[in-house]
Amino acid sequence: MSAIAHEEHGHHEAHGHHDHEHHEEHFVSKYIFSHDHKMIGKQFLITAVFMGVVAMLLSILFRIQLAWPGESSDFLSFFLGETWAPNGVLKEDMYLGLVTIHGTIMVFFLLTGGLSGTFSNLLIPLQVGARDMASGFLNMLSFWFFLISSVLMFVSLFVENKRFPDLDWV
Ligand code: HEM
């Protein structure tokens, strides 16, 4: 145990001098548009956990309707209003939208982003003894596309079909 503690201590000291050169790093380049695999891993983790909570909240809405099919719910009426839950009953297309966005967010923005985005970024460079991923810039872009696409996926829930009304078959 003390050997490990010793080693870690030594490790820090060995890099101490290098760290000084990076100390003036700006907040934005350190936490927001970071090229560092460890920070990017954390960004993926935070986004994935947040999206998991969003998808869980969506599941509560449609699961309530599924438990009492066709019945009115004050909860749904309160949170979704007349537009999406007239008289407290989920509109059919809103039900389908909620299930679909729930499943898609869970799979792509919790599982895929959360697991591979977080753990491959965080662990692989450490496991193979590399300083970082091959391209920090692309790695950063990868997170930002992930974040933008997760927002787009969520807001697509509110897009209505006005262009092809014939397709409103539900
Ligand atoms: C928070 C707890 C969760 C609840 C209460 C919940 C509830 C549900 C329910 C009731 C359905 C079926 C709805 C229907 O067919 O009418 C569903 C579908 C689905 N769920 Fe969840 N779920 C939860 C968490 C998760 C998680 C953690 C994942 C994956 C990581 C997930 C992925 C999916 C997928 C892929 C579908 C199918 C979506 C579709 O048919 O378009 N869910 N969920």
Side-chain angles (χ1 to χ4, degrees), residues 28 30-128 130 132-170:
V28 173
K30 188 167 180 202
Y31 296 106
I32 314 281
F33 298 115
S34 175
H35 291 193
D36 172 19
H37 74 103
K38 294 200 208 93
M39 184 54 67
I40 293 172
K42 284 173 207 156
Q43 291 177 317
F44 269 109
L45 181 65
I46 292 166
T47 310
V49 168
F50 181 79
M51 290 311 289
V53 171
V54 168
M56 184 200 67
L57 294 177
L58 299 183
S59 78
I60 292 172
L61 295 173
F62 67 75
R63 193 61 184 82
I64 284 176
Q65 190 66 81
L66 192 62
W68 294 279
E71 282 185 36
S72 176
S73 145
D74 292 341
F75 184 87
L76 293 178
S77 159
F78 180 79
F79 281 103
L80 296 174
E82 285 303 297
T83 317
W84 293 310
N87 302 317
V89 183
L90 259 186
K91 265 190 169 169
E92 289 94 336
D93 55 351
M94 193 57 183
Y95 181 93
L96 294 179
L98 287 169
V99 176
T100 307
I101 300 298
H102 160 81
T104 316
I105 288 180
M106 285 298 193
V107 169
F108 292 105
F109 298 105
L110 180 82
L111 294 184
T112 311
L115 293 181
S116 63
T118 304
F119 291 109
S120 352
N121 257 314
L122 211 60
L123 299 181
I124 304 285
L126 299 180
Q127 285 177 320
V128 303
D132 205 322
M133 299 293 257
S135 167
F137 179 73
L138 284 184
N139 205 15
M140 174 199 80
L141 274 189
S142 157
F143 168 73
W144 284 95
F145 277 121
F146 173 77
L147 186 71
I148 292 167
S149 54
S150 65
V151 173
L152 268 181
M153 178 59 71
F154 179 73
V155 299
S156 74
L157 185 56
F158 304 101
V159 175
E160 280 182 83
N161 168 29
K162 294 235 161 94
R163 206 175 149 103
F164 304 104
D166 292 348
L167 296 182
D168 252 349
W169 48 270
V170 282

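It should be emphasised that the depicted structure is a prediction, and the values quoted were computed from it without experimental measurement. All ligand and atom numbering here is 1-based and tracks the order in the structure.
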If you take all heavy atoms of Met153 and Ile105, which pair is closest and at what distance? CG-CG1, 4.1 Å

Testing the basics here: between Phe44 and Gly117, what is the closest heavy-atom pair and its distance to 0.1 Å? CD1-O, 3.5 Å

Asp36: partners by side-chain hydrogen bond (donor to acceptor under 3.5 Å, both in side chains), with sequence neighbours left out: none

Sorted by chain and number, sequence neighbours left out, side-chain contact (heavy atoms from CB on, under 4.5 Å) with Trp68 holds for Ile64, Glu71

Where does ligand 1 get N/O contacts under 3.5 Å from the protein, atom by atom?
| from | atom 1 | to | atom 2 | distance (Å) |
| --- | --- | --- | --- | --- |
| ligand 1 | 16 (O) | Tyr95 | OH | 2.4 |
| ligand 1 | 20 (N) | His102 | NE2 | 2.9 |
| ligand 1 | 22 (N) | His102 | NE2 | 2.9 |
| ligand 1 | 42 (N) | His102 | NE2 | 2.8 |
| ligand 1 | 43 (N) | His102 | NE2 | 2.9 |

By side-chain contact (heavy atoms from CB on, under 4.5 Å), which residues pair with Lys91, not counting sequence neighbours? Pro86, Asp93, Met94

On a heavy-atom basis, which atom in Gln43 and which in Tyr31 lie closest, and how many Å separate them? NE2-O, 2.8 Å

